[in-house]
Amino acid sequence: MVENQIFTKHRLINLFIIVLAIWFTWFAQNFFDEYTVRVINNVAIFIILAVSYNLINGVTGQFSLEPNGFVAIGAYVTAILTVDAEGMLYQYDIEEPAQWILALQTDFFWALLIAGAFSALLALSLSFPVFRVRGDYLAIVTLGFGFIIRILAINSPSITNGSLGINDIPEYSNLYWTGGFAIFAVLAILNIIYSKYGRAMKAVRDDEDAAIAMGVNTFKIKTLAFTTSAFFEGIGGGLLAALLTSISPDLFTFFLTFQLLIIIVLGGLGSTTGAILGTIFVMAGLEWMRFLDEPMNIFGFQTEGTPGMRMVVFSLILIIVMLFAREGLMGKKELKDLFKKKKVNK
Amino acid sequence: MDVLTFFQQMVNGFSLGSMYALIAIGYTMVYGVLRLINFAHGDIMMVGAFLGYTFMEVFQLPFTLSILLAVVVSSLLGIFMDKIAYKPLREAPKISLLITAIGISFFLENAFTVFAGGVPRAFPVPSYMENVINVANITFSVSSITVPLVTLVLLLGILYVLYKTKYGMAIRALSFDIKTVNLMGIDANLIISIVFALGSALAAVGGLFWAINYPSVEPMMGVLVGLKAFAAAVVGGIGSVTGAVIGGFIIGFTEVVVIAFFPELGGYKDAFAFVFLILVLLFKPTGIMGEDLEKSRF
């Protein structure tokens with residue numbers, strides 16, 4: 001059996017890709033210019049967010065619209081844990097920062113882990129009310145939670161500095177952090193997908209009632225997917241906070257979720273490879289499409305800059321993809337499926 | 001709190017609740033026939049308000065005519081939206097429909113931001129709507145009376161259409177089983193168009209009333225109101241028009257009354273609808289007037 005060999009073709013390919021990714025991270029950090037590094041940082045963070053969102057939304061098929069909430073939690077926890085007391089006293093303008101907030105201070109690594117754990121714990125406790133409902137109801141309830149988290153962030157100025165947000169966050173994120181966590185997240189999530197839990201997740205996606213009939217504890221499986229994805233979304237949020245160095249509730253609107261949704265739909269719902277490719281295309285595309293927002297010269301006509309034009313084109317692309325290429329780039333296929341001789345239709 | 005303030009708040013709650021109800025009906029009807037959360041519905045409301053603004057400010061038409069035109073154009077937009085974006089996906093998995101709906105919602109918001117600018121514009125409310133009537137020491141502006149009254153008439157009208165006319169019967173039949181309805185010789189696509197037209201017209205009315213009460217229009221005005229109205233529809237039991245009306249009034253009243261009694265909670269105003277929604281779903285997963293979960297096609 002193929003399973004028993006240590007060096008199968010797939011494993012060698014995977015190993016090669018991992019080594020390539022690590023080498024690329026090192027190379028980019030050392031030799032690329034600042035702007036490119038920043039874009040790659042962003043892409044790496046969005047890869048973490050996209051593959052983890054894909055786990056609950058694409059692999060498990062639970063249409064939830066919550067990532068903005070968990071990313072916000074991760075970003076705020078990291079910001080609070082890395083900004084020192086002096087910095088907080090200086091910038092908390094609406095209310096004095098709470099005493100216990102001032103005392104909290106850890107290294108960046110622990111801050112990220114705590115951010116992830118906090119986000120995962122919240123997801124765990126949310127899954128009890130959230131997974132009482134299915135389908136469309138789930139979408140709207142999770143959307144509501146994302147919304148409530150933002151409202152809480154605005155209305156607890158002694159912890160979050162309210163609508164002003166937290167600034168002067170130490171700029172820890174570099175490609176070693178973001179790239180490292182991105183590789184870790186992808187490997188961890190792929191391992192889950194190819195475990196028995198992953199198969200159960202796909203069973204829940206394809207037919208929940210049949211999965212129940214086959215003895216799958218669907219609540220447990222959904223909760224596992226939800227919590228895992230929340231963990232990585234929290235870490236992604238933390239990395240984002242340390243990259244941007246300033247966060248505010250406005251960063252974590254539904255737009256963030258929408259962006260991730262486009263990424264995973266474009267890549268192919270349910271495919272981790274697709275989520276990664278989708279991230280690269282969308283993030284690079286968004287950078288490239290900046291010209292749409294700027295003044296343009298079309299056949300001699302000078303147009304004024306129209307901020308937002310990018311988003312119009314962006315939403316049109318989503319609609320067109322949905323209408324004409326519903327499967328996205330990869331469908332449900334993964335990278336390794338491309339190397340198989342026969343075509344597989346899962 | 002004295003009696004006067006209490007009555008004043010009641011009127012406010014009634015007015016706000018009726019606007020939520022108007023918009024919630026559109027959600028619930030589309031959900032009833034297509035099983036689709038039409039995320040773009042809140043933006044139809046915004047479009048309705050913008051059209052009213054455009055007819056009045058740009059074309060200088062009289063107030064009533066502008067409102068009528070805005071409602072008609074919005075309902076045409078609703079039909080158009082269905083034909084372009086939802087009809088090709090009738091047989092597709094529901095998630096595709098839902099994502100398309102989100103796409104349309106973002107398209108409308110951003111297109112209006114690009115072409116109208118993101119800055120709120122003052123909505124030209126005619127002066128007679130702002131006149132004040134005094135009944136037993138409670139003061140009302142004409143608009144705060146007109147809005148709920150017109151809403152009530154519209155609600156009764158839609159209930160009449162749904163329960164007393166042939167088309168209403170077809171709509172209700174469609175919400176049970178779309179395939180059988182086709183076999184019975186009813187043009188399902190025509191009925192779906194009617195649903196979109198009616199729903200969008202009501203949403204446009206809601207948007208216009210919103211613009212009259214909070215006299216400004218801006219491209220993002222439909223987002224929050226739309227989500228709250230959707231929460232109202234779910235609280236009432238999505239798929240049921242009566243439920244949508246009940247849900248709308250519950251959400252509207254809660255928002256007004258809680259803030260009147262606990263002003264310190266003002267910052268959380270926008271979260272009430274969702275907290276309410278989650279609580280209701282915890283105890284009754286299909287809402288107050290909701291369908292039996294066993295029967296639903298998930």
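Residue numbering restarts at 1 for every chain, and letters A, B, ... go by the order of the sequence lines.
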(message) If you count every heavy atom of other residues, nucleotides or ligands that lies below 6.0 Å from B/K83 atom NZ, does the total exceed 12?
(response)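 It does: B/K83 NZ has more than 12 such atoms within range.
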
Is [X] close to chain A through its backbone or its side chain, or both, or neither, when contacts mean heavy atoms under 4.5 Å?
| X | answer |
| --- | --- |
| B/V275 | both |
| B/A101 | neither |
| B/F230 | side chain |
| B/L281 | both |
| B/I84 | backbone |
| B/L98 | side chain |

(message) Counting C-beta onward and ignoring hydrogens, is there a side-chain heavy-atom pair between B/Y268 and A/I148 closer than 4.5 Å?
(response) no

(request) Report yes if some heavy atom in the side chain of B/I102 is under 4.5 Å from a heavy atom in the side chain of A/F254; otherwise report no. (result) yes

What part of [X] is in contact with chain B, defined as an atom under 4.5 angstrom from a non-hydrogen atom: side chain, backbone, both or neither?
| X | answer |
| --- | --- |
| A/F255 | both |
| A/L269 | side chain |
| A/L65 | side chain |
| A/I320 | neither |
| A/L261 | side chain |

(request) Could you go through the side chain to side chain contact (heavy atoms under 4.5 Å, CB included) check for B/F39 and A/L143 one step at a time? (result) CA-CA 12 Å; B/F39 272 105; A/L143 193 144; 3.8 Å; yes

(message) Can you classify the ring geometry of B/F274 versus A/F147 as parallel (below 30°), tilted (30 to 60°) or perpendicular (above 60°)?
(response)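 Ring orientation, 0 to 90° scale: tilted.
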
